[in-house]
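Quick notes on the structure that follows.
Positions are given from 1 along the sequence. Just follow the structure's listing: the first ligand is 1, and inside any ligand the first atom is 1.
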Amino acid sequence: MTDELAARLADIDARIALAARASRRDRAEITRIVVTKFHPASLVEHLAALGVTDVGENRQQELSAKVDELREIPALRWHFIGQAQTNKARAVRQAASVVHSVDRARLADAFERAGLDGAGPLTPLEVLIQVNLTDDPGRGGAAPDEIERLAEHIIGGCGTLRLRGLMAVAPLDEDPAPAFARLHEYAARLRTVAPDATWISAGMTGDFAEAIAAGATHLRIGSAITGPRPQHG
Ligand SMILES: *Cc1c(COP(=O)(O)O)cnc(C)c1O
């Protein structure tokens with residue numbers, strides 16, 4: 001089990017290095033987040049033993065439970081990558097160091113209130129604005145033309161949040177390369193109002209090479225490393 005995990009991790013890391021080289025990018029500026037959703041905390045423990053520091057979860061309850069169970073591994077940085085509801089903001093803030101999925105002012109405000117109430121560590125919560133790369137509002141994420149306004153809201157009104165960049169998921173019905181090229185443009189637009197917000201969170205098991213070519217700084221890779229996800233409802 002651990003041997004297979006180590007082999008898959010090494011294989012993905014080799015492919016990341018290859019894709020970075022092909023795009024003439026420095027591998028050191030790319031963070032590989034291992035998405036561990038639906039897998040038990042013991043898998044995260046194995047990953048940590050292999051040197052993994054950044055892990056991602058998309059559901060608050062599962063995130064909180066694993067953070068609790070793995071409290072004795074202080075090196076882990078937990079990334080929340082799922083749709084967040086305002087009434088879960090406090091619990092997410094308590095558990096995560098980074099939230100990739102802020103897509104509306106009300107949600108940013110909920111994380112801000114949780115911070116002012118003392119939820120989580122005293123350090124700012126690092127946040128990314130999730131952008132919707134499709135025309136379907138049901139897919140989650142802010143519309144591209146809302147990015148600057150939301151960024152200004154976070155910078156101007158949310159002192160316990162630190163805006164780091166943009167996050168997106170590639171559309172299901174489009175080649176990822178042009179979609180990630182749009183994301184790259186949106187990221188440049190964001191930097192006109194938030195010069196430090198340089199992160200681009202994009203790229204999953206099926207499209208991380210395309211994401212690296214389009215400038216992704218944070219990859220969210222699940223099944224290629226963890227193996228298939230256990231059955232879930
Ligand atoms: C599950 C998930 C991933 C990882 O997906 P894989 O295809 O297993 O690599 C990345 N990002 C988000 C938002 C996810 O929910």
> Has ligand 1 got any nitrogen or oxygen that is less than 3.5 angstrom from a nitrogen or oxygen of Ile221?
Replying inline: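 No: no nitrogen or oxygen of Ile221 is under 3.5 Å from one in ligand 1.
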
Note: [X]-[Y] ion pair, threshold 4.0 Å (strictly below):
| X | Y | answer |
| --- | --- | --- |
| Arg164 | Glu126 | yes |
| Glu148 | Arg189 | yes |
| Lys66 | Glu45 | no |

Return the residue, atom name and 0.1 Å-rounded distance of the protein heavy atom closest to [atom].
| atom | answer |
| --- | --- |
| atom 11 (N) of ligand 1 | Arg220 NE, 2.9 Å |
| atom 12 (C) of ligand 1 | Ile81 CD1, 3.5 Å |
| atom 2 (C) of ligand 1 | Lys37 NZ, 2.6 Å |
| atom 5 (O) of ligand 1 | Met204 CE, 3.5 Å |

> Which bit of His100 gets closer than 4.0 Å to ligand 1, counting heavy atoms only: side chain, backbone, both or neither?
Replying inline: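 The answer is neither.
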
> At their closest point, which heavy atom of Gly82 faces which heavy atom of Ser101, and how far apart are they?
Replying inline: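 What the structure gives for the nearest pair is O-OG, 2.6 Å.
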
> Do the ring planes of His218 and His100 sit parallel (below 30°), tilted (30 to 60°) or perpendicular (above 60°)?
Replying inline: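 Taking His100 first and then His218, their aromatic rings stand perpendicular (interplane angle over 60°).
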
> If you measure from CD1 on Ile221 to CZ on Arg8, what distance do you get to the nearest 0.5 Å?
Replying inline: 13.0 Å

> Which atoms of ligand 1 have any heavy atom of Thr205 under 4.0 Å away?
Replying inline: 6 (P), 7 (O), 8 (O), 9 (O)

> Which atoms of ligand 1 sit under 4.0 Å from any heavy atom of Ser223?
Replying inline: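 Taking each heavy atom of Ser223 in turn, ligand 1 has 6 (P), 7 (O), 8 (O), 9 (O) under 4.0 Å.
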
